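For this chain, numbers begin at 1 and follow the sequence in order. Please read these numbers as outputs of a predicted model, since none were measured by experiment. Scope of the values below: all heavy atoms of this structure, side chains included, with no hydrogens, waters or symmetry mates.
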Amino acid sequence: MKFLARIVPAAALLVILSGCFFDNPLTSGPSKSLNTWLLGVWESKDDKGRVSRIRITPISSDRYALSLATPGKTPQDDRKYEFEAWPSRVGSSLFLSLRCLSSPGDIPTGAYVFTHIQLLDQNHAKARGLQLDATPATSSFELRKEVRRKLKDLSLYENVPTANWTRVAEIFWSTDGADPVFTPIRNPGTIDWEATPKEEASPGR
């Protein structure tokens with residue numbers, strides 16, 4: 001089975017998605033409403049100071065859109081990913097089922113990966129993948145069964161690294177209109193989504 005952290009060497013930060021690719025989500029639909037504390041732009045740095053960013057916006061009251069940008073050795077090596085995600089409850093634990101909408105080619109379109117996110121406070125979070133032995137074609141029911149078993153024997157996160165993320169821009173979500181409205185309300189001028197790590201370090205930026 002392939003792990004994202006192995007596929008994208010520049011981004012051990014992809015442990016937010018680390019794990020195998022699966023044909024099915026943990027749950028076929030959302031288990032609860034979205035957590036508005038997850039909305040915004042989040043950054044994480046690797047040991048070489050390279051920055052990965054995730055932008056999380058709401059699609060609906062219980063689904064997220066995730067845009068992930070990870071740096072390579074050069075700007076030409078930068079990678080971008082798009083996911084649709086929703087909360088999946090297994091027992092008393094809550095995870096995200098993420099469906100790949102687009103990638104540079106290393107993640108199959110339509111494939112699922114899973115992550116657990118721990119919010120430490122309003123602007124800091126930890127994310128980790130799930131250590132599953134299931135095959136890619138395993139059903140949602142059998143996936144949940146394995147997650148419950150591994151939660152019970154404390155092996156679900158065994159040998160899975162943790163990525164630390166810091167929110168650098170919040171997103172306000174309003175449903176007063178016909179469509180959700182997203183508005184950055186904290187440090188809106190500091191985010192350059194297209195910037196490369198080299199550009200970010202240049203004087204005068």
Side-chain angles (χ1 to χ4, degrees), residues 1-5 7-8 11-44 52-70 80-103 107-132 134 136 138-148 150-151 156-157 160-167 170-171 173 180 182:
M1 295 183 184
K2 296 181 179 180
F3 284 80
L4 299 191
I7 293 173
V8 188
L13 303 168
L14 275 175
V15 296
I16 189 173
L17 304 175
S18 68
C20 298
F21 305 139
F22 294 99
D23 298 335
N24 298 294
L26 281 176
T27 57
S28 59
S31 300
K32 63 174 297 183
S33 299
L34 59 78
N35 185 344
T36 56
W37 274 36
L38 288 180
L39 304 180
V41 178
W42 298 78
E43 291 186 349
S44 185
S52 288
R53 292 191 180 98
I54 285 184
R55 179 173 54 202
I56 304 177
T57 57
I59 296 175
S60 64
S61 61
D62 52 15
R63 292 178 186 263
Y64 306 91
L66 277 77
S67 298
L68 171 65
T70 64
K80 293 183 180 180
Y81 304 80
E82 299 291 336
F83 297 90
E84 177 185 4
W86 56 84
S88 291
R89 183 179 296 281
V90 181
S92 60
S93 298
L94 197 64
F95 307 94
L96 285 183
S97 291
L98 298 101
R99 179 176 180 269
C100 181
L101 302 179
S102 67
S103 79
I107 305 177
T109 300
Y112 291 91
V113 289
F114 313 126
T115 187
H116 175 266
I117 299 177
Q118 178 186 5
L119 284 165
L120 305 177
D121 56 38
Q122 187 172 357
N123 296 310
H124 298 90
K126 290 187 177 183
R128 52 189 175 179
L130 313 185
Q131 185 65 265
L132 298 176
T138 300
S139 68
S140 297
F141 175 80
E142 291 297 329
L143 285 169
R144 293 194 300 272
K145 185 176 178 180
E146 182 178 355
V147 168
R148 289 190 186 95
K150 284 180 169 283
L151 281 169
L156 186 61
Y157 307 116
V160 175
T162 299
N164 297 309
W165 294 84
T166 299
R167 191 203 318 262
E170 293 177 332
I171 286 178
W173 183 40
F182 326 127

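- Panel note: side chain Thr166, backbone Glu43; no donor-acceptor pair is recorded below 3.5 Å.
- Of the inter-residue distances, the one linking Arg167 atom CZ with Leu38 atom CG reads 7.5 Å to the nearest 0.5 angstrom.
- Of the possible donor and acceptor atoms, none in the side chain of Ser97 sits under 3.5 Å from a partner among the backbone N and O of Pro25.
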Exercise. Does the side-chain contact (heavy atoms from CB on, under 4.5 Å) test come out yes or no for Lys126 and Leu120, once each step is laid out?
Worked result: CA-CA 7 Å; Lys126 290 187 177 183; Leu120 305 177; 3.9 Å; yes

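- Ala111 approaches Phe21 most closely through the heavy-atom pair CB-CB, 4.2 Å.
- Heavy-atom minimum distance, Ala127 versus Ile117: CB-CG1, 4.2 Å.
- The distance from the CD1 atom of Ile56 to the OG1 atom of Thr36 is 11.5 Å, given to the nearest 0.5 Å.
- A distance of 10.5 Å separates OG of Ser103 from CD of Glu82, quoted to the nearest 0.5 Å.
- Looking only at side-chain heavy atoms (C-beta outward), Asn35 and Leu119 come within less than 4.5 Å of each other.
- Residue Trp86 comes nearest to Thr27 through the heavy atom pair NE1-O, 2.9 Å, listed as atom of the first residue, atom of the second, then distance.
- For the pairing with Glu170, the side-chain contact (heavy atoms from CB on, under 4.5 Å) check across Leu39, Asn123, Val41 returns one residue only, Asn123.
- Leu132 is listed as a side-chain neighbour of Phe22, based on a closest heavy-atom distance under 4.5 Å.
- The two residues Leu34 and Arg63 make their nearest non-hydrogen contact at CD2-O, 3.7 Å.
- No side-chain heavy atom of Ile54 sits under 4.5 Å from any side-chain heavy atom of Tyr81.
- For the atom pair CG (Leu96) and CD (Glu84), the distance works out to 11.5 Å, reported to the nearest 0.5 Å.
- When all heavy atoms of Leu94 and Pro87 are compared, the pair lying nearest together is CD1-CB, 4.1 Å.
- Considering all non-hydrogen atoms of both residues, Asn24 and Tyr112 come closest at C-CD1, 3.6 Å.
- Separating the CD atom in Glu142 from the CD atom in Glu146 is a distance of 9.0 Å, to the nearest 0.5 Å.
- Atom SG of residue Cys100 and atom CG of residue Leu66 lie 11.5 Å apart, to the nearest 0.5 angstrom.
- Checking side-chain atoms of Ser33 against main-chain N and O of Asp62 turns up no donor-acceptor pair under 3.5 Å.
- Put simply, the side chain of Phe114 does not reach to within 4.5 Å of the side chain of Ser88, judged on heavy atoms.
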